[in-house]
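Read the numbers this way: they start at 1 and go in the same order the structure lists the ligands and their atoms. The first residue in the sequence is number 1, and the count goes up from there.
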Amino acid sequence: MTTTVPKVFAFHEFAGVAEAVADHVIHAQNSALKKGKASKSRQMSATSLNGNVNSESKMMERVNSVRSNASSRGGTEDGVIKKLKKDKERRFKIALSGGSLIQVLHEGLLKRDDVQWGKWDIYFADERLVPFSSSESNYGLAKREIFDLIDTEKYGTPKIYHIDESLINDPQECADNYEKILIKGFAGRDSVKLPMFDLFLLGCAPDGHIASLFPNFQENLRENLAWVIPVENAPSGPSNRISLTIPVICHSHRVTFVVEGATKAPVIKTIMERPEKGLPSSIVNEGAAGRVSWFVDDDALIDVFVTKKKYKFYDDDNLTE
Ligand SMILES: O=C1O[C@H](COP(=O)(O)O)[C@@H](O)[C@H](O)[C@H]1O
């Protein structure tokens, strides 16, 4: 394995991590929805064409502007309208892990007013096979700490894709069922080899597991066909789980780790300094090279030799990506 160094953003305290992670997530959202200045002006034209503007002259002005923009770019008016419709239908596809990440998102995201929750498709990186009401359920935790607290009147309702709770006693069946849910959400297995998330959010436990991929479970780490696998006899936490696989994680547009606390410093040291040990995170750092970021507090970086970056908040008003 070669040594690929990911971007590591360091923070003095938890609040700093939460705010920066929220900004990073919203930037990923905005890029996915193409909510830049260019698309904003296109959206205005779309509104006019949908008849939501009272003044007829204003509407004609915008229709003409769409026409002239179309012809100046060598396109047709029909083509532009189709594109406007496509822009409107675009969704932000995100995979969430459970554990401490949920508290980070609770702190950071709920206070932002630029989260377009109604355009989010939320999947889970992994799930512990316990009832949703258990404090150990990833979906259950995210529901209580985030989803139930969203002002849906104002921001819309996200589509949430969780496991089928009735299958928690059968890991294989549960994994197969969740894979089917992904296949449906990502346009079918025949048309896409792997789903592509706009953003895949991961934690990393002190024992090095990410999602429900554990360091010594080599077969799981090598899985390259299934999108979702059953995990049995997990060495920590609930023993039965399902997990999205390494190829799915690495195929994402952005892969982001969020890690805090001194108990994680030893594993972060191994990940950053000894990639040849092949911990799950090191495999992802390598497999998704160039698309991986780490948001880590200083406690988790004690004695870790790595280049730390300062996170710069985005100004998405100028987003043209
Ligand atoms: O078991 C799990 O643990 C990891 C790491 O959790 P953390 O609390 O140490 O951040 C988590 O990312 C995963 O979703 C969960 O099932």
### Query
Taking only residues two or more places apart in sequence, or in another chain, which ones meet Arg112 in a salt bridge (Lys or Arg N to Asp or Glu O under 4.0 Å)?
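In terms of salt bridge (Lys or Arg N to Asp or Glu O under 4.0 Å), with neighbours along the sequence ignored, Arg112 is linked to Asp23, Asp114.
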### Message
Tell me every residue that passes side-chain contact (heavy atoms from CB on, under 4.5 Å) with Pro215, counting only those two or more places apart in sequence or in another chain.
### Response
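Per chain and number, Pro215 pairs via side-chain contact (heavy atoms from CB on, under 4.5 Å) with His209, Leu279, Pro280.
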### Query
With under 30° as parallel and over 60° as perpendicular, where do the rings of Trp117 and Trp120 fit, or are they tilted in between?
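Trp117 vs Trp120 ring planes: tilted.
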### Task
If a pair satisfies ring pair (Phe, Tyr, Trp, His ring centres under 6.0 Å) and one of its residues is in residues 230-252, list it, with sequence neighbours excluded.
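Of all non-adjacent pairs touching residues 230-252, none passes ring pair (Phe, Tyr, Trp, His ring centres under 6.0 Å).
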### Task
Answer yes if the ring centres of Phe9 and Phe11 are under 6.0 angstrom apart, and no otherwise.
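Phe9 vs Phe11: aromatic centres not under 6.0 Å.
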### Task
Working to the nearest 0.5 Å, report the span between OG of Ser212 and CG of Leu244.
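Ser212 OG to Leu244 CG: 10.0 Å, rounded to 0.5 Å.
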### Message
With a 4.0 Å heavy-atom cut-off, what residues sit around ligand 1?
### Response
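Shell around ligand 1 (4.0 Å, heavy atoms): Ser97, Gly98, Gly99, Ser100, Asp126, Arg128, Asn138, Gly203, Cys204, Ala205, His209, Ala211, Arg241, Lys264.
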